[in-house]
Visitor: 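Dropping a structure here in structure tokens format, bear with me for questions.
Index from 1, following the sequence. Here the structure is a predicted model, which means the values were calculated and not measured. When a ligand or atom number is given, it counts from 1 through the structure's own listing order.
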Amino acid sequence: MSSRPVPKEASSQPHFLQFNNLACETAGGKVIFATDEWFAPARNLLKRDPPEFIATSFTEFGKWMDGWETRRKRIPGHDWSIVRLGVPGIIHGFDVDTSFFTGNYAPYVSIQAACLDHAPCFSLDGDRTGMAASPSQFEAVAQLNSDGWEELVPVTVLKPGYSDSCHNYFSITFPQRVTHIRLNIYPDGGIARLKVYGIGNKDWSTVPGKDQVDLVALVNGGVCVGYSEAHYGHPRNMIGLGRADNMGDGWETARRLDRPKILKVDKKGILQVPGCEWAVFRLGHPGVISRIELDTNHFKGNFPDSCRIEACNLTKDEERTFLLNQWSSDNSPNWRILLSPQKLKPHHRHFYSGESVMGCGPVTHVRLVIAPDGGFSRIRLWGQPVSTNLTRPQQTSKL
Ligand SMILES: NC(=O)NC(NC(N)=O)C(=O)[O-]
């Protein structure tokens, strides 16, 4: 299987950017408190779409800004907000993105984290008067007292939001489950986006033994651990919540340049092409997959011609080795066929069960292979979680 070299700028970025954004609004992330939202509300921090700047756009409060922006403080203290993660999990890094905040960006930041599975839910949306929070809201916030919170990022200088300096990356080693993030800015100012990169952490003890679970879902701890190409959209989008709003919320590759000039199909109508693209996912829990959904929602002129799915069992150490080698064909896991090559339809939910799904036994990883290229909206892999004591696979298929 041929793959493309990773673009230079992609390989120089921190590895944690490949994980899921646990705070994103599309993952269910919510801002539950902010000390001040005068110029722009803190919920903007969690938007999925990239920040925008509209030079001519003003509101009654000042310049319209696509982020969280507080007033210039004339009293003691600093501004802060609390984010409830959409998917509680283990955090590997942050991106504090100051895009377009240049003369008004927050000059310093610190980030704290807590696991508050039973914290109250409330919001300050639209409150722009006085000091923003009413006494009752402050009382509720007192339950979220920050004293016991872990400091994941100490007070740090931020860079302004010019295109070459707007990303402020923080790599984190904190192996505990987090449900809430407290973003402190000093003393005030604006931040465009807060991205909290990590992997969902589900309490599997609450899942009844016989239940079928989507083992690859973001909410169940699934994560993309490698891919050949992601020009227009990252494969992690395929394991997101619900159905996608548009093509942007899916995996989309560039058109492969090695496609023949004149295309031909085989007897099953599958295109005869030399190359393909692939994405590897680690399941949230090892399991036996028995039902598959592949959704090409919104991909109408650019859905893949066909796809197959492979699966394997890997230990953490084995995964690390394959990851370091970028899952290359010279050093690849023993993939077994879970779903044989299937011709795909545009903008369509494809369901496979029964004999269409091959018995692979318990597996930890899957690889979706698409030919020759194109876009995919969602992948769902329902199965039964099983213990991690796995047998070794026999049947192989190389990258
Ligand atoms: N031009 C500005 O952005 N001014 C102020 N901010 C907004 N959003 O109006 C400020 O100085 O903080």
Visitor: When you look for protein heavy atoms under 4.0 Å from ligand 1, which residues do they belong to?
Guide: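 For ligand 1, the contacting residues are F39, G62, K63, M65, E69, R72, N104.
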Visitor: Compute whether any side-chain donor of one residue and acceptor of the other, for T70 and E37, lie under 3.5 angstrom apart.
Guide: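 The criterion, which ignores hydrogens and geometry beyond distance, is not satisfied for E37 and T70.
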Visitor: When clusters are formed from ILVMFWY side-chain contacts under 4.5 Å, directly or step by step, what else is grouped with I54?
Guide: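 W64, which link up through side-chain heavy atoms under 4.5 Å apart, make up the rest of the cluster.
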Visitor: If only side-chain N and O atoms count, and only distance matters, is there a donor-acceptor pair under 3.5 Å linking S110 with N184?
Guide: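 Yes, S110 and N184 have a side-chain donor paired with an acceptor closer than 3.5 Å.
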Visitor: Looking at K73 and D79, is any side-chain nitrogen of the basic one under 4.0 Å from a carboxylate oxygen of the acidic one?
Guide: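 K73 and D79: salt-bridged.
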Visitor: Filter on ring-ring contact (aromatic ring centres under 6.0 Å, His included), then keep only pairs touching residues 230-254, sequence neighbours left out; what's left?
Guide: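 Residue pairs passing ring-ring contact (aromatic ring centres under 6.0 Å, His included), neighbours aside: Y227-H234.
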Visitor: Run through the side-chain heavy atoms of Ile, Leu, Val, Met, Phe, Trp and Tyr, join any pair under 4.5 Å, and report what else lands in V155's cluster.
Guide: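 Y108, V157, Y186, all in the cluster of V155.
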